[in-house]
Structure formats: C-alpha cells, structure tokens
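Letters A, B, ... are given to chains in the order of the sequence lines, protein chains preceding strands, and every chain is numbered from 1.
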Number of protein chains: 2
Amino acid sequence: MRNQSPPGRARLSDVARRAGVSAATVSRVLSRPGLVAEATREAVLKAVSETGYRINHAARNLRKQRTGCVVALLPNLANSFFAKILDGMGRELARAGYDLLVADTLEDSGRHTRLDRFLDPSRADGIVLMDGLAPFDDLAGRPDLPPVITACEWIEGVELPRVMLDNRKGAELAVTHLRDLGHDHIGLIGGPPDNVLHKDRLAGAQTAAGSARITGFPGDFTMQSGQRAAEAWLALPARDRPGAVFAFSDEMACAFMSGLRRAGISVPQDLSIIGFDDIELVSHLTPALTTIRQPKREIGRKAAQIILDRIAGQEIPTVTLLEPELMLRETTAAPQR
Amino acid sequence: MRNQSPPGRARLSDVARRAGVSAATVSRVLSRPGLVAEATREAVLKAVSETGYRINHAARNLRKQRTGCVVALLPNLANSFFAKILDGMGRELARAGYDLLVADTLEDSGRHTRLDRFLDPSRADGIVLMDGLAPFDDLAGRPDLPPVITACEWIEGVELPRVMLDNRKGAELAVTHLRDLGHDHIGLIGGPPDNVLHKDRLAGAQTAAGSARITGFPGDFTMQSGQRAAEAWLALPARDRPGAVFAFSDEMACAFMSGLRRAGISVPQDLSIIGFDDIELVSHLTPALTTIRQPKREIGRKAAQIILDRIAGQEIPTVTLLEPELMLRETTAAPQR
DNA sequence: CCTTGCCCTGCAATCGATTGCAAACATTTT
DNA sequence: AAAATGTTTGCAATCGATTGCAGGGCAAGG
C-alpha cells in the first residue's frame with residue numbers, strides 16, 4: 001500500500017504520478033533535461049519542488065554502479081599537514097559532485113588496517129593513498145578494484161600513479177640556500193630511513209651539498225625527534241657542530257630551534273635553521289622559520305583532479321610533481337666568522 | 001546472460017549457485033549465521049571464499065534503508081584542531097562499521113554551502129555538525145532528516161544535542177590560575193563576538209576575574225589576530241598594559257607571544273600568557289606555553305558514540321560536557337613587583 | 001500411524017532509480 | 001498521399017541484497 005500513500009519521503013514515482021508522467025520521464029528531466037519536451041519538463045519540475053523530492057543515492061548508485069565517493073587513506077588524520085591536503089581535495093571533489101570519505105591506514109595499535117575494506121568498487125569510485133608504508137604490494141593492477149593513486153608519499157616498487165612535491169628539488173633549494181650563505185658544514189635532521197620522502201630529500205640535500213661536510217641527526221618528522229636532535233647537537237664538541245641545520249619537517253625544526261634557544265644558542269647568529277613543509281605556524285614564530293614550502297592545498301586539489309580523471313576513464317600521468325618554494329625568513333644567515 | 005557468466009565480481013546469487021543453496025540462505029549465513037544449519041553454513045562460507053565474494057554496499061544500503069556513513073561538517077578542515085577531533089571520531093565510527101564522510105560548511109568564497117546536500121538519509125545515517133554559524137535554524141526537528149548533533153560549537157536557539165568542552169570552566173581555570181599568581185589586571189584576546197565559544201569563555205573569564213581589571217583585545221582565533229593583539233598591547237601606555245593575557249586559542253597566544261618577544265618583552269618575566277586548546281606544538285616552544293587543554297580525540301570519540309546511539313534509536317543526552325585541564329608550563333609567573 | 005511443532009530453507013516481493021527499446025505522434029521529404 | 005525521419009514518452013528489465021511468509025523434513029508425542 002506504500003505505493004498509494006508515500007510515508008515521509010517522495011520517490012521518483014510519486015513525482016511522476018503527480019506530474020502525470022512516467023518515472024522514466026522524471027528521471028530524464030533530472031539527468032538529461034534536453035531529451036524532454038519543454039512543457040513536460042516544467043510540469044515535472046513543478047511536481048519535484050511540490051513534493052520536495054530528493055534523490056535516493058543508494059538506489060542510483062546501485063543502478064549506475066558507482067558510489068559518488070572517493071576515499072582518502074592516511075596514516076594520521078591528526079596531522080595538520082594532511083588536514084590541509086584533505087581540504088584542497090575535498091573542495092575539488094565537491095565541485096565534481098563527489099564526496100570525500102576519510103580513513104586511517106593505522107589501527108590504534110599502530111598496526112596497519114585491513115585496507116581491502118576500502119578497496120571495493122561498491123564503497124568508493126577511487127582511492128587516494130597517502131601512506132607510503134601501507135601494505136599494498138599485490139594490489140597494483142587488479143581490475144576488480146577501483147582506481148588507486150598515491151599522494152605525498154608513494155610505495156616503492158608498486159606501479160601506482162603519484163602526485164607529490166618534488167622533494168629532491170625542495171631539499172636542493174634548502175641546502176643550496178645554506179651553501180650560498182657560506183655554510184660548509186650542514187646538519188640534516190632526517191625522517192625514518194625507509195621513508196620515501198626521507199630518501200628523496202636526502203638525495204637532494206647531498207647533491208646540493210657538494211663538497212660541504214654533512215652531519216646527520218636521526219629523526220622521524222615529529223617534534224620529539226627534533227628535540228632529541230637539539231640534545232645531540234649540544235652534545236657535540238664545538239668544532240663538530242654544524243653551523244646550519246636542515247630539518248626534513250617544520251615540526252622537527254621548531255622543536256630543534258626551541259631546544260637550542262633554551263640552551264642559550266641564538267638563531268640565526270650562532271646557528272642557521274631551515275625547515276620543510278611551511279606549516280602555518282612557523283611564520284609566526286620569533287624568529288620566523290625559513291623553510292621549504294609545500295603547496296598543500298594544491299597537492300590535494302591535484303590529487304583530486306587526477307583521481308577524477310582516472311574515474312572518468314582518462315589516461316593520467318604516472319608522476320605529477322609540484323614545485324617547492326623557498327620561504328626566506330629569519331632563521332638563516334651567513335655563518336659567524 | 002550476465003546471470004550465467006559473472007563478469008568480474010561475484011554476486012550473492014553466484015555464491016548461492018556455487019554452494020547449491022538459495023541467495024536467501026547465503027545472505028543469512030552472512031548476517032545471522034545462527035539461523036542456518038551447520039553443514040549448510042560451512043558450504044556457503046567455502047563458496048564465499050572461493051568466489052572472493054564482497055558485498056555490494058549500494059544494494060544492501062538500498063534494501064536496508066541506511067548508508068553506513070556519518071558525515072562531519074566543519075568550517076575548516078585545514079584546522080589542526082578539527083583534524084584531531086576527526087581522528088578520534090573516525091576511529092570510533094570504524095569500530096562500529098561506519099564510514100566517516102567529511103565536508104566543509106564553507107565555500108571557497110567563505111559563504112556557507114548548501115548543507116541540505118548532506119541532510120539526506122540516503123547519504124548519511126547521522127550528522128555531526130561542528131560549525132556554530134551554519135544556517136541550521138529550521139532543521140532542528142524534521143523527521144525526514146537523519147539525526148544531527150553538534151560538537152565543539154553549537155547553534156544558539158536550536159535544539160540540537162551538543163558535545164563539547166566545558167568552555168566556561170576552562171576559562172575559569174585559566175583566569176583563576178592568573179589570579180592565584182597575583183595578577184590583578186588581565187588581558188583577554190577573544191574570538192568573534194558572536195561565536196558561542198567566545199561567549200562562554202568570556203563568561204567564565206569574567207566570573208573568575210572577580211575584582212581584577214580586564215582589558216579586551218579583539219580576535220578571531222587566528223594567528224593574524226594574535227599578532228594584532230601584540231601590536232595593540234605594545235601601543236598601550238605602560239600602566240595600562242595587563243600583566244597577564246589569556247588568549248582564547250593557542251594560535252593567538254603563539255602569535256601574540258612571538259610579537260611581544262620580537263619587541264623585547266620577556267615572557268613570563270614581563271608578561272604572563274596562557275592559551276586555550278593545547279595544540280601539540282605549543283609544548284615544544286621556548287618558553288613552553290601554559291594553556292587549557294581540550295581533550296580533542298576524546299571529543300571526537302564521544303561525538304561518535306553519541307551519534308551512533310542516536311542512530312540506534314537510543315535516547316541521548318542533550319548536553320555532554322568534557323573536562324578542560326590546566327597545562328602548567330613556562331609562560332605564566334607571578335607579576336613583577 | 002497420525003498430529004503437532006520446530007528447524008531450515010526457498011520463493012518472491014521489495015528497496016528506488018536508470019535506460020534500451022519501441023510505440024506513438026509530429027514533421028519533413030519525395 | 002505515402003514514406004521517411006525525428007521527437008517525445010512509456011514499458012519493463014535491471015542493479016544486488018534482504019526478509020516475511022510458507023512449505024518440507026524430521027522428531028517427539030499421542
């Protein structure tokens with residue numbers, strides 16, 4: 001009897017009955033209005049607004065074999081870096097009528113989740129993976145999966161399209177800047193050794209360092225590790241202390257700088273520091289951090305465009321590199337004589 | 001002919017054929033195994049794993065009239081504060097088998113989006129709104145909408161369940177702390193005047209201030225406004241400068257402190273500063289910021305639990321308050337004599 | 001041997017929108 | 001005037017899983 005007296009929500013057929021046409025016609029008015037005669041179309045639109053009709057997504061998705069969702073998989077939603085990227089991505093997807101589903105690749109425990117939960121064409125039309133360590137080996141070319149791309153990070157040895165900063169060039173910019181200032185002993189606070197970003201940035205830094213001496217400090221992109229690097233730097237005999245330090249993340253750079261300042265070292269007089277990422281806060285520090293900017297929203301936007309193109313069946317580039325930029329601020333200067 | 005030769009993906013009926021049972025039985029094995037005889041169940045499970053069957057969500061959702069999604073609506077995804085909340089929320093939802101859909105309430109232009117796009121039972125089973133200024137007036141009790149709750153912020157005059165920090169108490173903690181140190185002239189860097197968080201915190205601050213003198217600085221929670229507050233403070237004649245300042249967000253507190261340090265003011269000797277939120281970075285500054293902690297992940301988790309309860313049809317509390325905590329660090333001290 | 005009742009299982013309707021096909025009608029061409 | 005072409009619309013099948021209802025099988029009780 002539901003057919004006679006719609007309970008709360010109008011269905012396509014309710015609109016049709018009201019407009020005196022078939023459900024097919026209503027559907028066409030809504031999706032390809034050009035196919036329907038002017039007069040009919042108007043009657044239908046009137047009925048639509050009178051009934052307050054709203055489409056049922058589940059029904060449409062079932063019929064059209066799509067979901068209207070793109071899922072972003074990230075290791076740490078709480079990281080503000082990813083947040084900015086999601087922001088750009090979400091907006092771009094919304095413009096195209098897609099929703100953004102976000103999910104962690106890590107359990108609370110720190111172990112990787114079963115990703116196949118999301119690798120499912122009935123859940124998402126496309127996937128943007130932002131965790132270079134996700135267990136994704138065997139999934140590269142399976143035709144029963146929705147399209148997958150990686151953003152920011154990528155997985156070595158797996159053939160997935162990539163969108164990311166030109167990390168190597170970013171590191172080159174940083175170290176070249178320090179070299180240009182006259183530094184010939186440069187400290188590097190890196191990321192986890194097996195992290196692809198770390199590897200690329202390290203390579204870029206080494207290239208640009210040329211004959212300069214390099215001293216490495218272990219790090220993992222977190223502030224805790226930046227702090228440890230400060231302790232390590234302070235523990236060095238004065239003549240082994242690099243006069244300039246390039247941290248592979250702004251968070252490490254901040255904590256490093258804070259640790260040194262606490263010990264009475266002044267920046268940039270005694271020590272130059274340069275970071276990586278250009279998170280919003282660092283431009284408001286005193287002194288303001290010189291750093292390498294990643295266009296975060298732009299990365300998100302670009303990733304969205306590319307996954308949408310793939311969903312639309314187009315060819316997409318294997319690697320998309322975005323340009324880093326040197327943000328010259330107050331923490332770098334020529335070494336003291 | 002699709003019925004005879006499944007193309008890529010196994011359907012329920014394919015599994016059924018393979019196991020020699022009906023689709024209904026397969027469905028029951030998967031959802032209520034207790035209803036099915038042991039032997040049948042095993043045969044079905046075998047067929048399931050042999051075919052690599054994966055459920056089609058659109059079909060199930062259509063039939064069950066649900067979506068398996070909860071949508072979080074926020075004004076600014078790029079804000080790390082919200083990111084942490086989403087983190088807690090996403091994990092809790094995942095545990096219950098729900099997906100987290102995120103969306104901005106603001107357009108690129110800064111105008112509010114048409115929220116009804118998400119106010120749709122066919123898109124989400126529940127909604128967590130985190131924007132106190134969203135145009136939500138008329139939507140409070142409509143039965144054709146999925147359940148809505150607000151988190152962090154809320155909308156005045158609209159009867160929606162709320163989950164948030166006890167902002168008033170947080171502000172009281174902050175100001176009481178300054179009073180206990182002996183400050184009798186306190187500066188407040190507030191939020192936008194019509195923001196509910198601002199109003200609550202202001203009320204709390206005033207209560208705790210008692211007879212102390214209060215000087216207000218306009219703000220909007222951003223670092224830019226913190227910087228402007230610094231300029232305003234510096235522009236005051238010395239005897240009108242409050243010796244302690246409570247900023248309603250850590251970002252403002254950071255920028256404020258940075259601006260003063262740049263002008264040669266030392267913290268906390270010349271001026272005490274206390275923030276609000278306890279974003280991760282502030283504990284790594286030098287000096288480390290004293291602030292009021294919001295349990296961000298906990299807020300997210302709690303919001304998730306409550307919206308899930310509502311979805312399950314349970315009664316839920318109208319207001320859920322979480323406890324703030326004073327994080328005593330290095331930026332507050334007794335005023336100089 | 002016949003009921004009665006329980007346990008399993010299958011049938012078939014249902015969720016709501018989309019779309020290939022063809023009918024019905026209008027318009028143009030020959 | 002007949003034929004060809006074009007436009008508009010409806011019919012009915014389809015997407016894939018769920019579930020109320022009823023029937024078959026079997027055991028226990030009379």
With a non-hydrogen cut-off below 4.0 angstrom, is B:V21 in contact with a base, only sugar-phosphate, or nothing?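 Sugar-phosphate only.
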At under 4.0 Å between heavy atoms, what does A:V36 touch on the DNA or RNA strands: base, sugar-phosphate, or nothing?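 Sugar-phosphate, backbone atoms only, no base.
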Heavy atoms from C-beta onward define the side chain here; which of [options] lies closest to that of [X]?
{"X": "A:A37", "options": "D:dA17, D:dT9, D:dT19", "answer": "D:dT9"}
{"X": "A:A24", "options": "D:dC11, C:dT18, C:dG16", "answer": "D:dC11"}
{"X": "A:L12", "options": "D:dT8, C:dT18, D:dG16", "answer": "C:dT18"}
{"X": "A:T40", "options": "C:dT9, C:dA17, D:dT9", "answer": "D:dT9"}

Is the distance from OP1 or OP2 of [N] to the nearest side-chain N or O of [X] less than 4.0 Å?
{"X": "A:T25", "N": "D:dG10", "result": "yes"}
{"X": "A:R63", "N": "D:dT14", "result": "no"}
{"X": "A:Y53", "N": "C:dG16", "result": "no"}
{"X": "B:Q65", "N": "C:dG16", "result": "yes"}

In whole Å, what is the span from the [atom1] atom of [X] to the [atom2] atom of [N]?
{"X": "B:R66", "N": "D:dT18", "atom1": "CZ", "atom2": "P", "value": "10 Å"}
{"X": "A:E38", "N": "D:dT7", "atom1": "CD", "atom2": "P", "value": "16 Å"}
{"X": "B:R32", "N": "C:dC7", "atom1": "CZ", "atom2": "P", "value": "14 Å"}
{"X": "A:D120", "N": "D:dA17", "atom1": "CG", "atom2": "P", "value": "11 Å"}
{"X": "A:N61", "N": "C:dA17", "atom1": "CG", "atom2": "P", "value": "12 Å"}
{"X": "A:L30", "N": "C:dT18", "atom1": "CG", "atom2": "C1'", "value": "12 Å"}
{"X": "B:H57", "N": "D:dC15", "atom1": "NE2", "atom2": "C1'", "value": "16 Å"}
{"X": "B:E42", "N": "C:dT9", "atom1": "CD", "atom2": "P", "value": "12 Å"}

Are B:L12 and B:Y53 packed together at the side-chain level, in the sense that at least one heavy-atom pair is separated by less than 4.5 angstrom?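 Sidechains of B:Y53 and B:L12: in contact.
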Distance-only donor-acceptor pairs under 3.5 Å for side chains of residues 68-87 of chain A, two or more places apart:
residue: A:N76; atom: OD1; partner: A:A78; partner atom: N; Å: 2.9
residue: A:N79; atom: OD1; partner: A:F81; partner atom: N; Å: 2.7
residue: A:D87; atom: OD1; partner: A:R91; partner atom: NH1; Å: 3.0
residue: A:D87; atom: OD2; partner: A:R91; partner atom: NH1; Å: 3.4
residue: A:D87; atom: OD2; partner: A:R297; partner atom: NE; Å: 2.6
residue: A:D87; atom: OD2; partner: A:R297; partner atom: NH2; Å: 3.2

Looking at B:Q294, B:K296, B:E298, which hits side-chain contact (heavy atoms from CB on, under 4.5 Å) with B:L165?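 Passing option: B:Q294.
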Is the shortest side-chain N to carboxylate O distance from A:R54 to B:D116 below 4.0 Å?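 No.
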Does a side-chain N-to-carboxylate-O contact under 4.0 Å join A:D120 and B:R9?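 Looking at A:D120 and B:R9, the cut-off is met.
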Which residue lies more 5' along DNA chain C, comparing A:K64 with B:R41 via nearest heavy atoms: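 Closer to the 5' end of DNA chain C: B:R41.
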Do B:R28 and C:dG10 share a donor-acceptor pair, side chain to base, under 3.5 Å?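 Under the 3.5 Å cut-off, the side chain and the base do form a donor-acceptor pair.
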